[in-house]
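Reading through the structure tokens given below for one structure.
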Amino acid sequence: MKKLSELQDRQIHSLDDVKRGLSSLLNSVKARIEMEKGFGVDAFLATRQNKAVNPALNSPEKHILTETSIATASPGGQTPLNKEQIQLLENLKNEAAGCQKCSLSKTRTNLVFGVGNHKAELMFVGEAPGRDEDLQGEPFVGRAGQLLTKIIEAIGMKRTDVYIANVLKCRPPGNRSPLPDEIALCTSYLTKQIDIIKPKVLCALGTFAAQTLLNTKAPVGTLRGRFHEYQGIPMMVTYHPAYLLRNPNDKVKVWEDIKKVRDFLAGTLPVATTTQPG
Ligand code: SF4
């Protein structure tokens, strides 16, 4: 009798294990489907076929803004723009346009100051302009920019709802990484932008944005996925869209990070920030 009861117990335990395993599998499939619906339908395919480019990203950009459009648009038709903020940003942009603090002023085609809603609750910070951005004078307009647009739309927002800027305002030649002295000389423009816009939440895209705003050398892989704090503003760290183009499997991680930003803005996720990066 005792043996029969032990056998039944073992069966019940293994059934529980199977249920737990199935539930965990279902949750990860659900997360993958959510992410793929949102902004990365080819994550599996791209890896299998060693294809670096998402074909969906070749579609024409729908939400590239011009300074004129952002100055006149009322995002979502709801939030009136603040004239004082617009003026302050315009003054700062003019100041940066004449900036010759570092050698990038000599090689840039255009200053890439920032774009978006001056009253944005969500502000993205990237690294530096690339070739397309340098030519057009706007941040995130190349393939990485198109992916950022999809990420923004995946959380139910539009590019016109957010503000987007980089740490550096001029393109490093050949898209090389920003140098420490260039970052040191340029960062004041970014910090003033943040101060004028006063977003509810920041999202640092990639190593340079995260390390600059958090004043740390910790790698993005250890910083991502949780809220930090910049001057009292909660700041999520996640991978840069350009990195995702090379590593499409990590789109799932960015989706997890960006959902936290969405839930924080919706008021359904209390933020426990950490001021100790790393
Ligand atoms: S990168 Fe920044 S500091 Fe260097 S010239 Fe451009 S605006 Fe000035």
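First listed ligand is number 1; within each ligand, the first listed atom is number 1.
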Set out, in order, the CA-CA distance, both residues' side-chain angles and the distance that settles salt bridge (charged side-chain N to carboxylate O under 4.0 Å, His left out) for Lys253 and Asp250, then state yes or no. CA-CA 5 Å; Lys253 292 179 184 167; Asp250 278 344; 3.4 Å; yes
Any N/O/S atom, side chain or main chain, of Cys170 closer to atom 6 (Fe) of ligand 1 than 2.8 Å? yes
Less than 4.0 angstrom from a charged side-chain N to a carboxylate O is my criterion; do Glu182 and Arg176 meet it?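 Judged by the 4.0 Å cut-off on N to carboxylate O distance, Glu182 and Arg176 do form a salt bridge.
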Between Arg108 and ligand 1, which residue portion shows a heavy-atom distance shorter than 4.0 Å: side chain, backbone, both, or neither? side chain
With no hydrogens and no angle check, just 3.5 Å: does a side-chain donor-acceptor pair link Glu95 and Asn91?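 Side-chain D/A pair, Glu95 to Asn91: absent.
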Side-chain H-bond candidate by donor/acceptor type, Lys169 with Gln193, under 3.5 Å: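 Yes - a donor-acceptor pair under 3.5 Å links their side chains.
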Can you figure out which of Cys99, Cys186, Ser105 has its heavy atom closest to atom 8 (Fe) of ligand 1?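 Of the listed residues, Cys99 has the closest heavy atom.
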Can you tell me the protein heavy atom closest to atom 4 (Fe) of ligand 1 and the distance?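 For this ligand atom, the closest protein heavy atom is Cys102 SG, 2.3 Å.
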